[in-house]
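Before any comments, here is the structure.
We name chains A, B, ... by the order of the sequence lines, and we start the count at 1 in each one. As the structure is a prediction and not an experimental result, all values here were calculated from the model.
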Amino acid sequence: MQVTSPVRAPLVLKKEENGQKRATTYHDITEDICRQVEAPPTNPRWLLAMLLSLAALGWGGYTLYRTWWFGLGEWGLNKTIGWAWDITNFVWWVGIGHAGTLISAILLLFRQKWRTSINRAAEAMTIFAVLCAGSFILMHMGRAWMAYWALPLPNTYGSLWVNFNSPLVWDVFAISTYLTVSVVFWYIGLIPDLATIRERAIARGDKIRAFVYGILSFGWDGSAKTWARYEEVALILAGLSTPLVLSVHTIVSMDFATSLIPGWHTTIFPPYFVAGAIFSGFAMVLTLMLITRHVFKLQAYITLEHIESMNKVIVLTGSIVGIAYLTEFFIAWYSGVEYESYAFINRAFGPYWWAYAAMMSCNVLSPQFFWFRSLRRNIYVTFILSIVVNIGMWFERFVIIVTSLHRDYLPSSWAMFYPTWVDLGDYIFTFGLFFTLFFLFAKFLPVINMAEVKAVLKSTSQTTLEKVQARSAESVASDTHQGDDK
Amino acid sequence: MAETKKYIVGVFDDEDVLLPAVKKIRAEGVQIHDVYTPYPVHHLDTYLGYKRTRLGKAAFLFGATGTTLAITMISYMLGFDWPMDIGGKDFLPAPNFVPVTFESTVLISALGMVGTFLVSRGLGPGKKATMFDPRSTDDKHVMAINLDKNTKHSKEDIVAILKQNGVTEEPKEVDL
Amino acid sequence: MAGDKHIALSDLSQEKNFEFTPKLRKQLMTAIVVGAALLIVGIILWTQGIGLGGEHHGGGHAPEGHGAGGGGDEGGHGAFHWTKRLYAVLWHDSVFFTGIALVGVFFVAFNYLALSGWPTIIKRVPETFGKFLPITGVILLAVFALGGHDLFHWTHHELFDPTSPKYDKIIAGKEGYLNTPFFVIRTVLYFVLWYVLYVLLRKMSLKEDEVNDFYAYTKNPVFHKKSGIYAAIFIVIFAITTSTAAWDWVMSIDAHWFSTMFGWYTFASWFVTGLAAMALYVVVLKDHGYFKYVNENHIHDLGKFIFAFSIFWTYIWFAQFLLIYYANIPEETVYFLHRMEDFKFLFFFNIIINFAFPFLFLMPRAAKRKTLLVKIAAVGVIFGHWLDFYMMIMPGTVGKHSGIGLVEIGMVILFIAGFIWVTAAALAKANIIPKNHPMIEESLHHNI
């Protein structure tokens, strides 16, 4: 018996039918979420979106070809600034890729029921974002076909192994582990829903879907024992993924923080990068879910309550990031290290002041609007701010990377970084990749975890008034019952 | 499958009816083959008398394997096979090896544990599901009782017990 | 199975409210007497020059004449005087217990914001912790007034005077932050802000108890809503002040040294200690027949909290250590070098007791559900983090003259007894279960 407090708002709204409101049933959930999977892929809006994504992918594919064929000279890097656009984008995408596992792992451990409506799409988004991040690594390698050199393999040049002291090698392990575990986590969650689609296809006589989803659903039958083991698997995976998700951005931050470069070498980097990653990831989830919810008419499942909860996470993580900025700035002064102080002054007031201003206003100030309930529950404000946050987080990485590098100890080699059109094209490539994959996912797989929403339906669909009425009646009944006993 | 088995299948639509029903049906001495549900019903496994899973222990052992593998690999490669002076540190700077060791622990623990789960529950690409009632992936809880294993009760008895405990439709016989 | 049957709200009347019994008072008095006796004997021995250490540490690595990296005791004061170690001991325990008290308030506050259900039943325990804040606040200020010069190298005026031979350019550069008036203002401000919000939160919580009709109240839970607002304000203040307090009270002891992580590191240590303290408190109360409706699932969750945040502490500890170790910049490594060489055992023991022990011990499910095992874990973690703070404070203040002797033990007994006295008295003043908290039903039926 699950008891839910009367003050909790419902997480699944009522269905409206012929002007009458009625409680949503388990079957409604199946229908509402399978609808788009079972429809033929001819929705004009979906086709248009897909076309745009493929166009971005195609254009980016051309610049990617130039990057690899002509070499990194196509980029705007110079001798002083050896890392800029590519690493900024890499860190940005990896950061975005933190929300999915956070939602499915950390929020599972914290038993946040609102997680159930958004975890599937967030996890999918995570996987795609990590793939986009990985593509920048391959781009920057210049010779992507040598990528396997980053693995500890015996090679023909003598037994020269990869350097396990290098944060870049840690990155290889962290990101590939993260990608693998995220895919596993996501897929394990998909299996029961794929079985639902399989059974529906069999019932309709849709042979193609029955065959494809039959293979994909791994022979799932929903037995109580399997479910019990499945829940344990989810819990252990969550327990493993929680430190994993922290470790990934920690290690990304160590790409910078283990170095001696002023502005990079600061001990707060690991947790502050993690907070920033969650911040940007949640913003991206919001951007995508607000659209998905609208297009697929999922307002009953992704409610204002869900949006508000996500906005709370945004204001929390945004403020943590803000405190970290101020801490860094303060300690740069407090340390008395002049290079460190200069790096921070240069960030705020140097030639890249505009990037710093963009970062501060988008990341620290803009989420503060979410202290107000009415703004947290306003879809338009949320949508705009979710994009603003990701702009800010992009600038954060740009600020950290470029401003620390462009003025090194030797003023004669001070330089500025300007992206070339190939740089831009490579960034567009990852957008094409991300959205193509996301739209394919949204079309062919259920965007909401049906089984998990069903599991919380009973305890989360009543309104405050219904709960109060039901329970005060119950308590009166049990009181009189006790009276009878005496 | 050697021969077909006979099952009585009862359908429930509310978990709060199902759980006490499971308790009472088992108390009557009827052995339940399994219950198929569209979503994880909390504590159904304990009501059915299933033991707690040992997947946690498996995860721990796989994790320990991952840790050992990583430590062995890194120390062999950088400490013995090809020692290099990197940043003036020792040849085996333990703190620097923590990140990769951690990732390896998590990776092997996760993959091993999920693999154990899939194998132990007979799940895998292309495996056939045995469905007593397809609605168990939609909105019904489906209880299957193996008649061959319940020789103490007649078929009619079992149907009657099911009916007393809140099935929403007439229990039916299914041969598998 | 616990939590399986329905518990009506009227059943809560069967719950026994906490009594601050004469027996408990007597036990606490005994503890205070024992603690004081140990303290006095220890001090008498100190005045005879016994137990002040210094001979077995060698101390060859401490840079002379600096606050940074310890050896702060060499700061031109001549012979070591025992009062300095007494101040350091007081400072250590006050900072440590401030953390526990503060985390109690923090726990209550963040649970309002997170709309969490399960901890409602044990909420009154952390809610009393805040009562101890004024006491540690007064002690901290008094110690700073009396022994500020002994503990904080930067309080010496000559360091800021360019004409003085002791002029220290780096410390002088920090004068805008590290100066006595501003330090005192900050410390006072922290305690005032924390305590005021604590009082407001407590007041709302007690007012909620007076509500008559629970279900009518839940339609518009005014006290709950107000608590949410106070909680939000508290969290914002807490987020900033834990970092700054950590810089002030702990990091500035090693005045040259700096680490951006330090505030969060101190927070992590405080937080897990506070969680362990409240788990211990709840379990002991349950052993004494209180908290009838606290079931093993609540205990399990408290255990999970200790487990998770022990790992979090380790993460923060390791991230800070690794980055400093890796970059190998002298002005940063000095902090760890001093601790690794002169406090070798404690340095490594710190990781064992605060990471390996809770991690391995609390990993099995049963360990988080059995009250005895949770008690063992909580005691271990609290002791471990007491040592963690010892390692933060002692090397930079008393250095080679530090140690864990009669005075340290006596003092910590006094603090523990005082803490229990204050919190138990507060606990006895109200219902042990906040019976009209809107989430109470969820907590009563907590079953994972």
### Task
Give the C-alpha distance, both sets of side-chain angles, the deciding distance and a yes or no for salt bridge (charged side-chain N to carboxylate O under 4.0 Å, His left out) between A:Lys458 and B:Asp16.
CA-CA 10 Å; A:Lys458 210 172 167 189; B:Asp16 290 331; 2.6 Å; yes
### Query
Where does A:Leu216 contact chain B at under 4.5 Å (heavy atoms): side chain, backbone, both or neither?
neither
### Query
Shortest non-hydrogen contact from A:Trp161 to B:Trp82?
CD1-CB, 4.3 Å
### Query
Quick one: are B:Pro93 and A:Asn165 in side-chain contact, heavy atoms under 4.5 Å?
yes
### Task
Return yes when atom CG of A:Leu153 has more than 12 non-hydrogen atoms of other residues, nucleotides or ligands closer than 6.0 Å, and no otherwise.
yes
### Query
For the residue pair B:Ala59 and A:Ile236, what are the closest heavy atoms and their distance?
CB-CG2, 3.7 Å
### Task
First locate atom CE of B:Met113, then atom CD of A:Glu232, and finally report the distance between them rounded to the nearest 0.5 Å.
8.5 Å
### Check ion pair B:Asp138-A:Arg200 (N to O, under 4.0 angstrom)
no
### Message
Looking at B:Lys149, I'd like to know if its NZ atom is crowded, meaning that more than 12 non-hydrogen atoms belonging to other residues, nucleotides or ligands lie closer than 6.0 Å.
### Response
no
### Task
Kindly check if the number of other-residue, nucleotide or ligand heavy atoms within 6.0 Å of OH (A:Tyr187) is above 12?
yes
### Message
Can you see whether A:Phe218 has B:Lys127 sitting over its ring - NZ or CZ less than 6.0 Å from the centre and within 45° of the normal?
### Response
no
### Query
Contact part of B:Tyr76 toward chain A, heavy-atom cut-off under 4.5 Å: side chain, backbone, both or neither?
side chain
### Summary
Honestly, the part of A:Pro243 sitting under 4.5 Å from a heavy atom of chain B is both
### Query
Heavy atoms, side chains only, cut-off 4.5 Å: are A:Glu199 and B:Arg135 in contact?
no
#### Entry: Interatomic spacing from OG1 in A:Thr226 to CG in B:Leu118 - rounded to 0.5 Å
10.5 Å
### Trace of the ring-ring contact (aromatic ring centres under 6.0 Å, His included) decision for A:Phe173 with B:Phe102
CA-CA 9 Å; A:Phe173 280 85; B:Phe102 169 79; over 10 Å; no
### Query
Can you tell which of B:Lys128, B:Met131, B:His141 has the highest number of heavy-atom pairs within less than 4.5 Å of chain A?
B:Met131
## Note on the structure
Of the listed B:Pro40, B:Ala144, B:Gly126, B:Pro99, the one with the largest count of heavy-atom pairs under 4.5 Å with chain A is B:Pro40
### Task
Ignoring hydrogens and angles, tell me if any N or O in the side chain of A:Trp170 forms a donor-acceptor pair with the backbone of B:Glu103 under 3.5 Å.
no
### Message
For the backbone of B:Thr37 and the side chain of A:Trp227, can you confirm whether one donor and one acceptor N or O come within less than 3.5 Å of each other?
### Response
yes
### Summary
If one checks every heavy atom of B:Leu44 against chain A at 4.5 Å, the contacting part turns out to be side chain
### Reported CG-to-CG distance for the pair B:Asp139 and A:Leu457, which is rounded to 0.5 angstrom
11.0 Å
### Query
Does B:Asp34 use its side chain to pair, donor to acceptor, with the backbone of A:Ala224 at less than 3.5 Å?
yes
### Neighbour count >12 (heavy atoms, 6.0 Å) for atom NZ, A:Lys15
yes
### Task
Look at the aromatic rings of A:Tyr26 and B:Tyr39 and report parallel, tilted or perpendicular, splitting at 30° and 60°.
tilted
#### Entry: Proximal component of A:Phe185, with respect to chain B [non-hydrogen, under 4.5 Å]
neither
### Query
Under a 4.5 Å heavy-atom cut-off, does chain A meet the side chain of B:Ala110, its backbone, both or neither?
both
### Query
Are the side chain of A:Ser223 and the backbone of B:Tyr36 linked by a donor-acceptor contact shorter than 3.5 Å?
no
### Task
Locate the shortest heavy-atom distance separating A:Thr196 from B:Thr137; write the atom from each residue and the value.
OG1-O, 3.0 Å
#### Entry: Part of A:Val233 lying under 4.5 Å from any heavy atom of chain B
both
### Query
Given that the side chain runs from C-beta out, which part of A:Val453 has a heavy atom under 4.5 Å from chain B: side chain, backbone, both or neither?
neither
### Message
I need the A:Ile188 CD1 to B:Leu123 CG distance, nearest 0.5 Å.
### Response
8.0 Å
### Task
Go through A:Ile215, A:Ile197, A:Val162 and name the one with the most non-hydrogen pairs under 4.5 angstrom from chain B.
A:Ile215
### Message
Once rounded to the nearest 0.5 Å, what's the spacing between atom CG of B:Leu48 and atom NZ of A:Lys225?
### Response
10.0 Å
### Task
Find the distance between CG (A:Asn163) and CD1 (B:Ile86) and round it off to the nearest 0.5 Å.
3.5 Å
### Task
Name the region of B:Asp14, side chain, backbone, both or neither, that has any atom closer than 4.5 Å to a heavy atom of chain A.
side chain
